[in-house]
2 protein chains.
Amino acid sequence: MARFTAGELEVMRILWEHGEMKPAEIQKLFPRPIKNAALRSYLTILVDKGHLARRSKGRAFFYRAKTKRESTFRSMLGELVNTFCGGSSEALLCHLLAKEKLSPEELLELHRAAQEKK
Amino acid sequence: MARFTAGELEVMRILWEHGEMKPAEIQKLFPRPIKNAALRSYLTILVDKGHLARRSKGRAFFYRAKTKRESTFRSMLGELVNTFCGGSSEALLCHLLAKEKLSPEELLELHRAAQEKK
DNA sequence: GTTCACATGCAGATGATTCTGCACATTTAG
DNA sequence: CTAAATGTGCAGAATCATCTGCATGTGAAC
């Protein structure tokens, strides 16, 4: 559902973490130097797409994420799984387990943590 | 490293699976109706970017993937982990374990499978 | 040879993404 | 009041992604 370009995602990450902000604040947190006007161009597009909401407060506009971090994560993870793991998460899990070099004990600990999270 | 658009990824998936092909063959396997010329437009771009190689064979051009499926997978997975899991795969693992509703036994079985894969 | 199917070459339209420049409004410092 | 700093509005340039149309070339069937 939610497909973002690299630049859009940089904006979303900041707003997911910091809540409601105005462009100049986002600009300071941006992972690379970006001009204020260039950043506002991203913001306008994201508002048009419905991913951000904005409201006037004082003399500035404040922006906040409407599209949730968690649903974007699920959507992007789903696309990855579809493309590379035949649509099932099992292959992805297997890949991660192989890569992470976990002992069975660590794995079970992780499993317990996952159960708690639910 | 390797960043693909949705359309480019559709092409790459087919070539990863089928090896070397000419446009008309790719066209038949394409997940949606696409005109031959539109498809060739993708192919040209992917060759320019270095993701595909092409060679003349008979009267047609044949295309094959230069960028490997496995490295693209790693790259996209890495980006996902960076964006949503603070750069460590652990949170992703945890998320997947919670979602997959595995029993500890199934988990250990998966773990064994992962060890073997290495 | 003629004709048809298949394949590429090329030019470019369209819209999205990314970014720039400049004008103007408002707050704050002197 | 004046000037600098900070904020937005707006117009649009540059590039890329996606797709279309038409011309041309070549092999195969007749």
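The sequence lines fix the lettering, A, B, ..., with proteins before strands; numbering per chain opens at 1. What you are looking at is a predicted structure, and each value in this text was computed from that prediction instead of being measured. Keep in mind that the numbers below use all heavy atoms, side chains included, and drop hydrogens, waters and symmetry copies.
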With sequence neighbours left out, the residues meeting side-chain hydrogen bond (donor to acceptor under 3.5 Å, both in side chains) with K49(B) are E8(B)
Reading nucleotides 23-30 of chain D from 5' to 3' and marking B where a protein heavy atom lies under 4.0 Å of the base, S where only the sugar-phosphate is that close, and - otherwise, the string is --BBS---
Side-chain donor-acceptor pairs of residues 29-37 of chain B under 3.5 Å, sequence neighbours excluded:
from: R32(B); atom 1: NE; to: E10(B); atom 2: OE1; distance (Å): 3.1
from: R32(B); atom 1: NE; to: E10(B); atom 2: OE2; distance (Å): 3.4
from: R32(B); atom 1: NH2; to: E10(B); atom 2: OE1; distance (Å): 2.8
from: R32(B); atom 1: NH2; to: Y42(B); atom 2: OH; distance (Å): 3.4
from: N36(B); atom 1: OD1; to: R40(B); atom 2: NE; distance (Å): 2.9
from: N36(B); atom 1: ND2; to: Q27(B); atom 2: OE1; distance (Å): 3.3

Contacts satisfying ring-ring contact (aromatic ring centres under 6.0 Å, His included) that involve residues 75-106 of chain B (not counting sequence neighbours) are W16(A)-F84(B), F73(A)-F84(B), F73(A)-H95(B)
Picking from dA7(C), dG7(D), dT8(D), the nucleotide nearest the side-chain atoms of K22(A) would be dG7(D)
Residue pairs passing the salt bridge (charged side-chain N to carboxylate O under 4.0 Å, His left out) test with at least one member in residues 61-71 of chain B, sequence neighbours excluded, are E70(B)-R74(B)
E106(A) meets the salt bridge (charged side-chain N to carboxylate O under 4.0 Å, His left out) criterion, sequence neighbours left out, with none
For E17(B), the side-chain hydrogen bond (donor to acceptor under 3.5 Å, both in side chains) test, sequence neighbours excluded, returns none
Contacts of R112(B) meeting salt bridge (charged side-chain N to carboxylate O under 4.0 Å, His left out) (sequence neighbours excluded), chain-then-number -> E109(B)
The ring-ring contact (aromatic ring centres under 6.0 Å, His included) partners of F4(A) (sequence neighbours excluded) come to H51(A)
Return the polar atom pairs (N/O with N/O) between nucleotides 13-16 of chain C and the protein under 3.5 Å, or none.
none

Residues 79-89 of chain A vs side-chain hydrogen bond (donor to acceptor under 3.5 Å, both in side chains), sequence neighbours excluded, gives R3(A)-E79(A), S89(A)-E100(B)
So, with a heavy-atom separation below 4.0 Å from DNA chain C, the residues of residues 30-44 of chain A are R32(A), K35(A), A37(A), A38(A), S41(A), Y42(A)
